[in-house]
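This report concerns only the one structure given below.
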Amino acid sequence: MRLVRSIGCARRAVSELQHPRVLVPTMGALHRGHVALLEKARKIARRRSGSVLVSIFINPAQFGPGEDFTRYPRTLASDLAICRAADVALVFAPSAQAMYDPHRSTGITETALSRGLCGASRPGHFPGVCTVVAKLFHILSPDAALFGEKDWQQLAIIRRMVADLDFPVEVLSAPTVREADGLAFSSRNAYLPTEERALAPGVYAALRKAAAEAPTPASAAKLARKLIGKIPGARIDYVEGVDAATLTPTQRVDRPARLAAAVYFGTTRLIDNIPFPTPKP
Ligand code: PAF
């Protein structure tokens, strides 16, 4: 496995890798959700003797003022061990200086899917995500890239960007991986003190109960809001029942939908979503 830090080295190293090149973009602090993405990437790459690439970059451009950029977990040594064990061919872990010119004045903004949900409370977040993902695609020239479904809105926006800007990259996804108590794996779970960690799975439980009991995505969101409101210490940012493709609130039951939530426990903001209707286990 090669570790490269500069854009020039990354371009040279990539040019020596076999196609298909499958990229898993990350901000590090790799957990079991990332491991599932790496396993899926390896299966896709191996089918045709290809290679798995990982980017590890805590992208300052996607954090707003006062958000958790400075305290975001930085665990490069263990991340590299995980990548090595997953048979990754190349890790690109640039510094912010290597990625961004201090005088840069160009970025990518998706203007429809980014409006609601996380985009409403984190206005610069998705422009930061789109810009860095576009840069990673240009630098690493992957044939395919894999994203987790926990951030459903991010996935939808990246698919839109790839279609709108004709990136020759297939965007693939993998389902959310959960702890035994239902909490979705997230690098931000590390922020939760014991008491909040014990309460956090209540959000997933509420989403599931609401999706099982309510007849439409919008009514499920209303019920989930009520249930999450009863979890001690939980502060709702949003709970919405949205069309899975357009991300707009919906009552329709004839199209795939998602029940999505962002909830604060103390200063930690957790996101989650499930399909509506939820498939029976
Ligand atoms: O989902 C993430 O970890 C990040 O938003 C991504 C896609 C790596 C861009 O920084």
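Whatever order the structure lists them in is the order used to number ligands and atoms, beginning at 1.
Applying the ring-ring contact (aromatic ring centres under 6.0 Å, His included) definition to pairs two or more places apart or across chains, those involving residues 131-153 are F137-F167, H138-F167.
Ranking protein heavy atoms by distance to atom 9 (C) of ligand 1, first place goes to Q62 OE1, 3.3 Å. Scanning the protein heavy atoms around atom 3 (O) of ligand 1, the nearest turns out to be M27 CG, 3.7 Å. Looking at atom 5 (O) of ligand 1, its nearest protein heavy atom turns out to be Q154 OE1, 2.7 Å.
With a 6.0 Å radius and a threshold of 12 heavy atoms from other residues, nucleotides or ligands, E213 has its CD atom above the threshold.
Residues passing the salt bridge (Lys or Arg N to Asp or Glu O under 4.0 Å) test with D254 are R252, sequence neighbours excluded.
Between R208 and D272, none of the side-chain N atoms (NZ, or NE/NH1/NH2) sits under 4.0 Å from a carboxylate O, so this pair counts as no salt bridge.
If you number the atoms of ligand 1 from 1 as listed, the ones under 4.0 Å from a heavy atom of V132 come out as 9 (C), 10 (O). Interface atoms of ligand 1 facing T26, defined by a heavy-atom separation under 4.0 Å, are 8 (C).
No side-chain donor from either of Y72 and N59 sits under 3.5 Å from a side-chain acceptor of the other.
Ligand 1 is never approached by D151 to a heavy-atom distance shorter than 4.0 Å.
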